A.B. asks: 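Sharing a structure below in structure tokens format, with a few things to ask.
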Amino acid sequence: MGRKSKSSVTVYQPDLDGDNGEDGEADLTMDDVEVSQLTSGTTSSRNTSPQNHEVETLSDPFLHTNDMLSIFDGPGKFRMYYSAYLCCAQKDLSSFGLPFHAMLEKIGFKIFLPPRDLVITGPMYENMARALEERCNGKIIIVLSCNYLDSEECLFLTYFARVLDPDARYRNLIPVQIDKEIGDVPSVLKGMSIIRYNQAFRLGWLKQKLIDAIAA
């Protein structure tokens with residue numbers, strides 16, 4: 001299937017002011033409620049409530065600075081942990097990735113976004129892979145768009161995330177499709193549950209689908 005250079009559908013933008021759309025569309029923000037309350041009752045080995053993403057003191061206060069992956073890490077003493085890693089093609093970053101990231105963090109999740117969080121030292125792909133595995137516990141939100149297949153970074157992270165969770169036991173890969181036609185989806189994503197952004201938005205299911213997927 002051929003690729004398209006432009007989005008085939010209009011992507012609803014997150015409403016960060018908390019107002020509904022003109023046509024009564026459900027807004028994409030959450031009430032000011034703790035994520036721990038929203039996700040109570042879910043079975044998960046992770047605690048994704050915001051207070052658990054503060055920097056954590058390491059047992060070795062003299063840890064080398066090359067272990068720092070996030071700009072929020074302290075000078076050799078602290079590590080920042082995240083609910084998930086947001087994988088978004090560079091071409092989609094301004095139009096979708098940044099407002100989507102802001103929406104997720106307004107809900108209460110701490111989301112790793114490379115342009116903001118990644119320490120720019122050493123091999124970039126190696127640091128991205130380490131950040132995904134060590135700081136996000138392998139959990140990744142993959143934005144599927146017309147630009148996704150052209151992004152080497154996104155493809156690399158998708159395959160690496162699947163290696164970390166080969167049988168999807170931990171449901172670490174969260175594909176979010178924002179374009180109607182995106183070309184050939186990588187084989188590692190076939191058979192997985194995909195959140196269809198526009199459809200879920202119109203039906204008012206998007207908020208809960210994202211919360212359930214990230215907190216799983």
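Remember, it's a predicted structure, so these values are computed and weren't measured experimentally.
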A.B. asks: CD of Gln90: more than 12 outside heavy atoms within 6.0 angstrom?
C.D. replies: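 Count not over threshold, so no.
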
A.B. asks: Determine whether the side chains of Asp92 and Tyr148 contain a donor N or O and an acceptor N or O closer than 3.5 Å.
C.D. replies: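 Tyr148 and Asp92 do not have a side-chain donor-acceptor pair below 3.5 Å.
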
A.B. asks: Given side-chain hydrogen bond (donor to acceptor under 3.5 Å, both in side chains), test Asn137 with Tyr82 step by step and report yes or no.
C.D. replies: CA-CA 8 Å; Asn137 210 6; Tyr82 298 81; over 6 Å; no

A.B. asks: Honestly curious: do Val163 and Met192 fall in one hydrophobic cluster under the side-chain, below-4.5 Å linking rule?
C.D. replies: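 In one cluster: no.
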
A.B. asks: Inspect the contact between Asp117 and Arg135 and indicate whether a charged nitrogen and a carboxylate oxygen are less than 4.0 angstrom apart.
C.D. replies: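 So Arg135 does not pair with Asp117 through a salt bridge.
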
A.B. asks: At what distance, to the nearest 0.5 angstrom, does CZ of Arg171 lie from NZ of Lys139?
C.D. replies: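 If I round to the nearest 0.5 Å, the distance is 7.0 Å.
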
A.B. asks: Drop me the distance from Tyr170's OH to Asp165's CG, to the nearest 0.5 angstrom.
C.D. replies: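 If we round to the nearest 0.5 Å, Tyr170:OH and Asp165:CG are 7.5 Å apart.
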
A.B. asks: Any idea which heavy atoms bring Cys88 and Gly97 closest together, and the distance?
C.D. replies: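 Reported closest heavy-atom pair: SG-CA, 3.8 Å.
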
A.B. asks: With no hydrogens and no angle check, just 3.5 Å: does a side-chain donor-acceptor pair link Ser70 and Tyr81?
C.D. replies: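 There is no such pair between these side chains.
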
A.B. asks: Applying ring pair (Phe, Tyr, Trp, His ring centres under 6.0 Å), can you list everything that pairs with Tyr125, at least two apart in sequence or on another chain?
C.D. replies: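 Tyr125 satisfies ring pair (Phe, Tyr, Trp, His ring centres under 6.0 Å) with Phe156 once adjacent residues are dropped.
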
A.B. asks: Donor-acceptor pair, distance only, cut-off 3.5 Å: does the side chain of Lys209 make one with the backbone of Tyr197?
C.D. replies: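 Answer holds: no.
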
A.B. asks: Ignoring hydrogens and geometry, is there a side-chain-to-backbone donor-acceptor pair from Asp73 to Met68 under 3.5 Å?
C.D. replies: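 No.
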
